[in-house]
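Hydrogens, waters and symmetry mates are skipped; everything else that's a heavy atom, side chains included, is used. Here is how names work: the chains are called A, B, and so on, in the same order as the sequence lines, proteins then strands, and each is numbered from 1.
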Amino acid sequence: MKALFYIIIGVALMVVCWQLVKLLGLTKKENQTATPKENDINGKLMLVLMTFIYVLMVLSLWGTREVLLPQLGASEEAYHIDLLFKYSMALILVVQFILQALIFWFTFKYRGTEGRKAYFFADSHKLEMWWTITPAVVLAGMIIYGLWTWNQVMDASDAENPLIIELYAKQFQWEARYAGDDNTLGNANVRFIEGTNTMGVDMSDKNAADDIALAPNPETFLKELHLPKGRTVIFKLRSQDVLHSAYMPHFRAQMNCVPGMVTQIKYTPSVTTEEMRAYPDTKTKFENINALRKSQGKEEVEFDYLLLCNKICGASHYNMQLKIIVEEEADFNKWLKTQKTLAESL
Amino acid sequence: MSDHHHKETFVTKYIFSQDHKMIAKQYLITGMIMGIIGIFMSMLFRLQLAYPGESFGIIEAFLGEGGEGGVMTPDMYLALVTIHGTIMVFFVLTAGLSGTFSNLLIPLQIGARDMASGFLNMLSYWMFFLSSVIMVLSLFVTTGPASAGWTIYPPLSALPQAMPGSGVGMTLWLVSMAVFIASSLLGSLNYIVTVLNLRTKGMKMTRLPLTIWAFFITAIIGVISFPVLLSAALLLIFDRSFGTSFYLSDIFIAGEVLHYKGGSPILFEHLFWFLGHPEVYIILLPALGLTSEVIATNARKPIFGYRAMIASIIAIAFLSTIVWGHHMFVTGMNPFLGSVFTFTTLLIAIPSAVKAFNYITTLWRGNLQLNPAMMFSIGLVSTFITGGLTGLILGDSGLDINVHDTMFVVAHFHLVMGVSAIFGMFAGVYHWFPKMYGRMMNKDLGYLHFWLTAISAYGVFFPMHFTGLAGLPRRYYNNTAFPIFDDLLAINVVITIFALIGGFAQLIFLANFFISIKKGPKAPQNPWKSNTLEWTAPVEHMHGNWPGEIPHVERWPYDYSKTDANGELWGGQDFTPQNVPIREGEEVF
Ligand code: HEM
Ligand SMILES: [Cu+2]
Ligand SMILES: [Cu+2]
């Protein structure tokens with residue numbers, strides 16, 4: 001068996017280590033805690049580790065800036081979330097820089113030497129009080145600001161004339177249903193699933209007839225979820241089989257789809273697909289992506305909003321997607337007119 | 001006591017031993033074997049993430065059908081991630097860490113002859129062993145091991161139609177975990193009773209080393225929260241095997257409607273995280289306890305703010321049972337409830353911050369002995385802070401919406417719990433190896449091990465924050481299905497290279513460990529010049545720990561570098577063991 005071969009390689013590596021141990025003189029008598037020389041070398045190396053961490057931080061922050069989601073959040077809610085995110089990130093980065101510096105600097109500065117005497121310092125209520133109160137105050141600020149944002153984002157009660165859309169998840173695809181002229185979704189349950197009624201809509205419910213099930217684009221054969229810019233969309237989420245999660249990162253929106261339950265999330269798209277494509281950050285990101293794809297012999301792509309599944313749901317979880325198109329409200333309405341109602345299609 | 005003289009056979013001494021020191025070693029070795037499996041799995045699936053679709057002989061060799069042609073299947077990927085998570089969290093860092101050091105140190109540091117019940121202690125280890133065997137055996141089931149993530153959310157975990165791993169593999173997972181929980185409860189009860197009842201004369205609760213405080217509180221959290229996981233698992237077994245509907249409702253799968261009605265998967269999530277969140281502290285607190293001891297000893301200074309440290313441990317333990325909802329902000333829970341959990345979650349940052357500050361102050365103006373145990377402890381402080389800070393983002397419900405279940409989370413919990421706890425465990429092994437095996441480990445290999453591990457830990461997990469912020473979900477078999485993630489490939493390759501370095505670096509540790517057991521230089525009685533009681537016991541292990549009377553405790557454990565009125569070190573040395581009586585004119589802390 002091949003596995004055996006690899007195990008043998010592993011054992012061989014261990015033997016090499018063994019030889020290493022012998023070389024290093026395992027049995028030599030040594031100062032058991034640490035010699036001044038060891039303290040000196042390792043204390044200095046700790047500064048190297050600190051530098052490594054800082055470089056990694058800066059590189060990650062700077063080097064990945066084009067990789068991140070387009071900085072521009074594509075919904076009104078995203079604006080609040082991004083602002084909160086920036087403040088929180090700035091705060092934790094500052095704290096991170098300072099605390100790591102203290103750890104590694106102290107380690108270096110107070111590395112053991114022959115004559116050094118440690119300072120017996122067991123307690124200081126004043127200091128401790130300060131560093132209990134300071135985080136408490138800062139956190140209180142974060143909590144208040146955070147919860148204010150959370151309520152802004154989650155509260156759908158004052159949305160004017162919202163558009164209601166059902167997102168329906170199943171292994172491993174998304175379906176969607178617009179609420180139609182009455183803007184009310186007809187009842188649904190998996191027990192009504194039959195033939196082309198794949199979402200299990202109860203057609204005896206009077207609200208159901210005008211609902212519009214999202215059909216594939218006749219040209220691409222793919223489903224594309226259209227959303228109007230500037231109008232609040234309330235998503236009602238359902239699942240047919242296992243947990244899924246509707247994750248729409250550009251809109252900073254995510255909500256789980258739970259079998260047996262209807263969950264909800266809302267947002268107001270604020271940037272159309274066209275506008276987002278023209279945004280400089282997006283352009284750079286997609287130039288990079290396309291250069292890479294070209295080198296791999298893949299076709300070029302354009303920016304599109306996406307709905308991803310973000311709750312482990314089985315083998316093809318990694319490829320459960322739906323394209324989203326945000327357009328001006330007039331275009332959206334025009335598109336919606338071309339779609340068949342359930343009464344027509346079933 | 002005369003009953004210590006009975007004759008021991010090989011079986012009672014090495015296998016069905018009731019001696020806490022032997023049981024500790026058994027836990028450690030079993031935990032290490034599980035750790036090798038878990039880390040090896042992560043190296044395999046990291047290969048898949050960095051080189052999607054490319055063929056690797058090693059994958060074909062180890063994964064059989066799930067790796068035909070050298071490329072793992074999506075099901076195999078999920079199986080690996082699931083078992084990796086399960087093994088790391090429960091088998092390595094709960095049983096392996098707590099089991100080893102609680103067993104080794106509780107009797108030795110409080111001055112007891114053994115655990116309150118040696119028999120239960122033995123039973124606890126053997127149940128852990130049995131559950132490890134079942135978990136490993138589940139890897140060889142034809143439909144594959146459990147694959148629904150270590151959180152095993154139903155319905156995915158309940159329905160074999162949903163994924164092959166939810167068949168026999170999941171049954172074995174549940175059985176293994178049930179046995180594991182029983183083992184953990186037996187262990188925890190024993191630790192609690194021992195700490196409360198068997199302290200030697202003079203060992204007041206306020207003189208306990210912080211290690212013992214950490215183990216004690218950890219055991220209490222375990223006793224409170226593990227039974228809830230057990231009931232969650234039992235109900236899941238009912239749903240799977242007896243047709244009940246605790247977690248299931250309105251499901252259509254594989255072309256038919258299932259009969260389940262009225263259950264809720266969210267109920268499972270509540271039950272799971274009622275354990276799941278405290279679990280991260282069950283993992284972390286013992287590591288923090290070990291580190292407190294190692295840092296104080298090697299800084300040659302008292303741990304700063306002993307009482308504040310205890311208060312923080314207790315506060316963290318209490319708060320940890322009321323924050324579980326932060327894993328569920330986007331499950332459709334009432335937004336108001338979400339607010340409550342944000343509040344409690346950010347509160348827990350306060351005692352955590354106090355602990356971090358106290359560690360840093362302990363380093364200040366010390367005389368730091370930078371041996372491998374100390375290096376790993378300092379590494380823990382660093383990763384604990386790095387990982388803890390992103391907790392402020394995740395705990396803030398509004399921000400969690402966008403990063404929940406992305407690689408950002410993977411980065412966060414690996415740093416704050418995975419790497420920190422592993423560092424704590426390494427620190428513990430390097431520090432207490434002489435106590436366990438009567439020999440010293442090699443320091444140079446220890447340093448090499450530390451440097452490779454520390455660099456690769458940051459190299460692996462730091463960049464993951466950014467793939468998460470780019471929107472990359474976790475538990476994705478690959479990210480080639482979405483062109484927007486194409487530009488993450490380079491980062492993924494870097495992460496994988498660090499992961500491979502970090503993984504192989506552990507071989508150095510293993511070699512050092514096993515060779516030192518046989519060939520290490522003989523340990524002196526108190527190699528680190530430490531104050532705690534375990535170093536007053538003879539190097540050679542004996543039943544009952546101390547030959548004559550158990551030493552009495554006269555002072556707290558942190559009298560390092562204490563000076564008299566003239567600024568001279570008391571007794572001319574920079575440490576005063578706990579059993580040394582208070583001298584005339586000495587200030588009592
Ligand atoms: C060599 C070291 C390690 C590497 C490279 C590594 C890597 C990873 C990666 C990349 C994932 C996420 C995969 C995905 O979601 O698609 C993961 C999951 C996980 N890891 Fe690790 N890990 C390591 C060590 C650890 C340690 C020490 C722990 C201990 C807490 C741990 C606990 C977990 C858990 C709980 C999960 C989640 C499993 C799940 O999604 O169900 N890992 N690991
Ligand atoms: Cu999914
Ligand atoms: Cu938690």
Undergrad: State yes or no: are the ring centers of A/Phe52 and B/Tyr458 separated by less than 6.0 Å?
TA: no

Undergrad: So do A/Val258 and B/Pro265 actually touch side chain to side chain, heavy atoms under 4.5 Å?
TA: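 Yes. Closest side-chain heavy atoms under 4.5 Å.
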
Undergrad: Please confirm whether the backbone N or O of B/Asp396 pairs with a side-chain atom of A/Trp150, one donor and one acceptor, at under 3.5 Å?
TA: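 No; judged by distance alone, with no hydrogens or angles, the pair does not exist.
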
Undergrad: Let's go through B/Asp486 and A/Arg293 carefully: what are the C-alpha distance in whole Å and the side-chain angles of both, what is the deciding distance for salt bridge (charged side-chain N to carboxylate O under 4.0 Å, His left out) to 0.1 Å, and is it a yes or a no?
TA: CA-CA 8 Å; B/Asp486 277 357; A/Arg293 290 179 73 87; 2.6 Å; yes

Undergrad: Is the ring centre of B/Tyr359 less than 6.0 Å from the ring centre of A/Trp131?
TA: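 Ring centroids of B/Tyr359 and A/Trp131 are no less than 6.0 Å from each other.
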
Undergrad: Consider only side-chain N and O atoms of A/Asn42 and B/Trp451, and report whether a donor and an acceptor are under 3.5 Å apart.
TA: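 Side chains of A/Asn42 and B/Trp451: pair found under 3.5 Å.
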
Undergrad: Atom CG in B/Asp559, atom CZ in A/Phe120: separation rounded to 0.5 Å?
TA: 5.0 Å

Undergrad: Can you tell me how far CD1 of B/Ile401 sits from CE of A/Met248, rounded to the nearest 0.5 angstrom?
TA: 11.0 Å

Undergrad: Please examine the side chains of B/Tyr477 and A/His317, heavy atoms only from C-beta on, and report whether any two atoms are closer than 4.5 Å.
TA: no

Undergrad: Considering only heavy atoms, which portion of B/Met375 lies under 4.5 Å from any heavy atom of chain A: side chain, backbone, both, or neither?
TA: both

Undergrad: Measure distances from A/Leu306 to the heavy atoms of chain B and classify the residue's part below 4.5 Å as side chain, backbone, both or neither.
TA: side chain

Undergrad: May I ask you to decide whether B/Asp574 forms a salt bridge with A/Lys117, counting only side-chain N to carboxylate O separations under 4.0 Å?
TA: no

Undergrad: Parallel under 30°, tilted from 30 to 60°, perpendicular over 60°: which one fits the rings of A/Phe121 and B/Phe304?
TA: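 Geometry flag for B/Phe304 against A/Phe121: tilted rings.
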
Undergrad: Can you check whether B/Phe482 reaches A/Tyr318 side chain to side chain, under 4.5 Å on heavy atoms?
TA: no

Undergrad: Pick from B/Leu159, B/Thr386, B/Thr390, B/Thr362: which one has the most heavy-atom pairs with chain A under 4.5 Å?
TA: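 Looking at each of B/Leu159, B/Thr386, B/Thr390, B/Thr362 in turn, B/Thr386 comes out on top.
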
Undergrad: Taking side chain as everything from C-beta outward and backbone as N, CA, C, O, which of these in B/Ile360 sits under 4.5 Å from a heavy atom of chain A? Side chain, backbone, both or neither.
TA: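 Interface part for B/Ile360: both.
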
Undergrad: For the atom pair OH (B/Tyr476) and CE (A/Met320), what is the distance rounded to the nearest 0.5 Å?
TA: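 If we round to the nearest 0.5 Å, B/Tyr476:OH and A/Met320:CE are 8.5 Å apart.
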
Undergrad: Working to the nearest 0.5 angstrom, can you tell me the gap between A/Leu243 CG and B/Ile266 CD1?
TA: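 The CD1 atom of B/Ile266 is 6.5 Å from CG of A/Leu243, to the nearest 0.5 Å.
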
Undergrad: If we ignore hydrogens and angles and just use 3.5 Å, is the side chain of B/Asn367 paired with the main-chain N or O of A/Thr113 as donor and acceptor?
TA: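 A pair under 3.5 Å: yes.
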
